[in-house]
Amino acid sequence: MAKELTSKSKNYSQWYNELVVKADLAENSAVRGSMVIKPYGYAIWEKMQAQLDIMFKETGHQNAYFPLFIPKSFFSKEAAHVEGFAKECAVVTHYRLKNDENGNGIVVDPAAKLEEELIVRPTSETIIWHTYKNWIQSWRDLPILCNQWANVVRWEMRTRLFLRTAEFLWQEGHTAHATKAEAIEETYKMVNVYADFAEQFMAMPVIKGHKSENERFAGALDTLTIEALMQDGKALQSGTSHFLGQNFAKAFDVQFANKEGKLEHVWATSWGVSTRLMGALIMAHSDDNGLVLPPKLAPFQVVIVPIYRKDEQLTQISEKADEIIAKLKALGISVKYDDSDAKKPGWKFAEYELKGVPVRLAIGPRDLENGTIEVARRDLLSKEVVNIDGIDQYIKDLLDDIQKTIYNKAYKFREEHTTPVETYEEFKEVLKNKGGFISAHWDGSPETEQKIKDETKATIRCIPLDAEEEEGKCIYSGQPSNKRVLFALAY
RNA sequence: CGGGGUAUAGCACAGUCCGGUUAGUGUACCUGGUUUGGGACCAGGGGGUCGCAGGUUCGAAUCCUGCUACCCCGACCA
């Protein structure tokens, strides 16, 4: 990593890309804007998936799978939706290749043109609602609470590793309800699941809130979001939950017979989080030595590095290490023992710091003599020598403490970088010199938000769910406002 | 699509302005030895169509033309 780059550096994306690559998480692939997720990075994603999946099941959802390809005509059925996604779709037009007669290698066979083009899903509302039409006839068929783990493709003009790749992995929940109230309740329920996941597992504090009209999902009546603050003062939308009203039910003609025997359109929600969460995790916690992973999402929570000169020493150390590993595993702690002879201890120390392993244990001849072990924690970069008796419980407590400490650090950072302002001058000053969330009054009009965006690049990240009623004046127009909203520069 | 930049070993770069030995440095890699409590040291070794295609020239990584890819800044966005 270049020395002048730090986590506070203005060239944050460069620092981030360096870290991501060096931490062995991902790299850009041969295809523009898409990524290869390397094994260590994918292990983190699997941890996230596993936990989210548990939380979805706990809230009554089931997994299902829908097609990758969506007929083009499906997209035109919901006007706002097609408007939102038309500009960034990958389109399949042919189904066969052939050898070129002029010797130019393999070419697309013009004879194999598809009758109707297929869109590689940018999101699955359309294909799913097409399917739901066949699943729903009566109020007895509702609700439908499905989630899909899948990849989607959005042909973005500009991409950024993890945060905005052309192809990304995500989950998308799609639910169908008999009543408006039940659908709205579902929308809130899932944004709460996301917030709990972010805070309890990613150790990343988030603000729950409504998106403004300008930032709302294409086709939604309301979009709830969790917004996190990165260390460079920019905000990242980390998950969204949409109340879709009856828009998709009407577009795909999905009606059910209610208890009175009358036909009604179904109410819908959709919600999703993506591999962008990986980017959030990295950018929220990393320091100049590399990743800092919360213990609950680390592929392994503890690494043991033996320090030895001779093979006999390694044998003795390994015996001790095996005892410790057995004890730690009994407490549900994941451990890697790195007795590889290929690298020296110093190299391993640096490497596991880069990878963000929460706790590092080192055992050498000195420890064998004294009955001790060296314990280093990644979040504080501190280390101490402790007695080996009771080490298992000691590590368990330490992991809990690290999880909390990482969260508290991020929380403190966010509190220190959330600034209430009263005037537009103040707004611009804070935005330029301090960054972070800016809490300000807004008149509620899309025009005002657009003007502020044009002039400062800052957008309304959300209207917080817990915003207090408060008389005020819009910082831009001076019109009356009854609550503050959060502005920030965003990724 | 607009504006700027880059393309030379797995990676990071120098060399290009001002053409001229066998294209170089760091790192990584291979072999041997000494090392191992914070990214070791010594010695030896392998690895290059200098992005692609033309052109100028006795001679091109270097000059000219065209093309392509990537990066950064905008418009777009989970």
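Throughout, protein chains are lettered first and strands after them, A, B, ... in sequence-line order, and every chain is numbered starting at 1.
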A.B. asks: Only Watson-Crick and G-U wobble pairs, only distances under 3.5 Å, only runs of 3 or more: what stems does that leave for RNA chain B?
C.D. replies: B:1-7 with B:68-74, B:10-13 with B:24-27, B:29-34 with B:40-45, B:51-55 with B:63-67
A.B. asks: Could you check whether A:Thr225 gets within reach of a base, just the sugar-phosphate, or nothing at all, counting any heavy atom under 4.0 Å?
C.D. replies: nothing
A.B. asks: Hey, does A:Lys348 reach any base, or is it just sugar-phosphate, or nothing, if we go heavy atoms under 4.0 Å?
C.D. replies: nothing
A.B. asks: In whole angstroms, how far is the C1' atom of B:C77 from the CD1 atom of A:Ile460?
C.D. replies: 17 Å
A.B. asks: Using the closest heavy atom to pick a nucleotide of RNA chain B for each, name whichever of A:Thr275 or A:Ile363 lands nearer the 5' end.
C.D. replies: A:Ile363
A.B. asks: Roughly how many Å apart are B:G32 and B:G24, using the C1' atom of each and rounding to a whole number?
C.D. replies: 27 Å
A.B. asks: I want to check a possible cation-pi pair here: A:Lys355 against A:Tyr40, using under 6.0 Å from ring centre and within 45° of the ring axis as the test.
C.D. replies: yes
A.B. asks: Taking the six-membered ring for Trp, are A:His61 and A:Trp271 ring centroids under 6.0 Å apart?
C.D. replies: yes
A.B. asks: Are side-chain heavy atoms of A:Met190 and A:Leu224 found at a separation under 4.5 Å?
C.D. replies: no
A.B. asks: Which value, in whole Å, describes the distance between the C1' atoms of nucleotides B:G15 and B:G20?
C.D. replies: 14 Å
A.B. asks: Give the rounded distance in Å between these two atoms: OH of A:Tyr194 and P of B:A78.
C.D. replies: 14 Å
A.B. asks: By nearest atom, which of the nucleotides B:G39, B:G37, B:C76 is closest to the A:Lys453 side chain?
C.D. replies: B:C76
A.B. asks: Would you mind reading off the distance between A:Asp341 atom CG and B:U34 atom P, rounded to a whole angstrom?
C.D. replies: 13 Å
A.B. asks: Could you state the CD-C1' distance from A:Glu156 to B:C72, rounded to the nearest angstrom?
C.D. replies: 18 Å
A.B. asks: Any donor-acceptor pair, under 3.5 Å, between the side chain of A:Lys344 and the base of B:G37, if you only look at N and O atoms?
C.D. replies: no
A.B. asks: Is the Lys NZ or Arg CZ of A:Lys72 less than 6.0 Å from the centre of A:Phe75's six-membered ring, within 45° of the axis?
C.D. replies: no
A.B. asks: If we take the P atom in both B:A60 and B:A23, what is their distance in whole Å?
C.D. replies: 13 Å
A.B. asks: Without decimals, in angstroms, what is the distance between A:Glu353 CD and B:G38 P?
C.D. replies: 12 Å
A.B. asks: When the P atoms of B:G51 and B:U16 are compared, how many Å lie between them, rounded to an integer?
C.D. replies: 15 Å
A.B. asks: If I take atom CG in residue A:Leu361 and atom P in nucleotide B:G38, what distance separates them, rounded to the nearest angstrom?
C.D. replies: 16 Å
A.B. asks: Provide the distance between the two C1' atoms, one in B:G10 and one in B:G74, to the nearest whole Å.
C.D. replies: 34 Å
A.B. asks: Under 3.5 Å, is there an N or O donor on one side and an acceptor on the other linking the side chain of A:Arg360 and the base of B:G38?
C.D. replies: yes
A.B. asks: Would the distance check show the side chain of A:Gln148 and the main-chain N or O of A:Phe66 forming a donor-acceptor pair, the cut-off being under 3.5 Å?
C.D. replies: yes
A.B. asks: Are A:Asp367 and A:Ile388 side-chain neighbours, meaning at least one heavy-atom pair lies under 4.5 Å?
C.D. replies: no
A.B. asks: Indicate, with a heavy-atom threshold strictly under 4.0 Å, whether A:Ser274 touches base, sugar-phosphate, or nothing.
C.D. replies: base
A.B. asks: Look at all strands and tell whether A:Gly364 reaches a base, only sugar-phosphate, or nothing, counting heavy atoms closer than 4.0 Å.
C.D. replies: base
A.B. asks: Closest to the A:Asp367 side chain: B:G38, B:G37, B:U35?
C.D. replies: B:G37
A.B. asks: Which value, in whole Å, describes the distance between the C1' atoms of nucleotides B:C64 and B:G19?
C.D. replies: 13 Å
A.B. asks: Under 4.0 angstrom, heavy atoms only, what part of the nucleic acid is A:Phe168 near: base, sugar-phosphate, or nothing?
C.D. replies: base
A.B. asks: Tell me the interatomic distance from A:Glu83, atom CD, to B:C76, atom P, rounded to whole angstroms.
C.D. replies: 12 Å
A.B. asks: Quickly work out the A:Ile307 CD1 to B:G39 C1' distance and round it to whole Å.
C.D. replies: 14 Å
A.B. asks: Is it true that a side-chain atom of A:Thr93 and a backbone atom of A:Glu117 form a donor plus acceptor pair closer than 3.5 Å?
C.D. replies: no
A.B. asks: OP1 or OP2 of B:U36 sitting under 4.0 Å from any side-chain N/O of A:Arg309?
C.D. replies: yes
A.B. asks: With a 4.5 Å limit on heavy-atom distance, are the side chains of A:Glu227 and A:Lys211 in contact?
C.D. replies: yes
A.B. asks: The side chain of A:Glu374 lies closest to which of these nucleotides: B:C77, B:G37, B:G39?
C.D. replies: B:G37
A.B. asks: Kindly point out which of B:G39, B:G37, B:C77 is positioned nearest to the side chain of A:Trp347?
C.D. replies: B:G39
A.B. asks: Take A:Thr159 and A:Ala166, find for each the nucleotide of RNA chain B with the closest heavy atom, and name the residue whose nucleotide sits nearer the 5' end.
C.D. replies: A:Thr159
A.B. asks: Mind checking the C1' distance from B:G26 to B:C71? Whole angstroms is fine.
C.D. replies: 23 Å
A.B. asks: Given the P atoms of B:G54 and B:U62, what is the spacing between them in whole Å?
C.D. replies: 14 Å
A.B. asks: Is there a side-chain contact between A:Lys457 and the phosphate of B:G74, meaning an N or O under 4.0 Å from OP1 or OP2?
C.D. replies: yes
A.B. asks: Is the shortest distance from a Lys or Arg side-chain nitrogen in A:Lys343 or A:Asp338 to a carboxylate oxygen in the other one below 4.0 Å?
C.D. replies: no
A.B. asks: Does a nitrogen or oxygen in the side chain of A:Lys87 sit under 4.0 Å from OP1 or OP2 of B:C76?
C.D. replies: no
A.B. asks: Pick one: which of A:Lys348, A:Arg360, A:Arg378 meets salt bridge (charged side-chain N to carboxylate O under 4.0 Å, His left out) with A:Glu353?
C.D. replies: A:Arg360
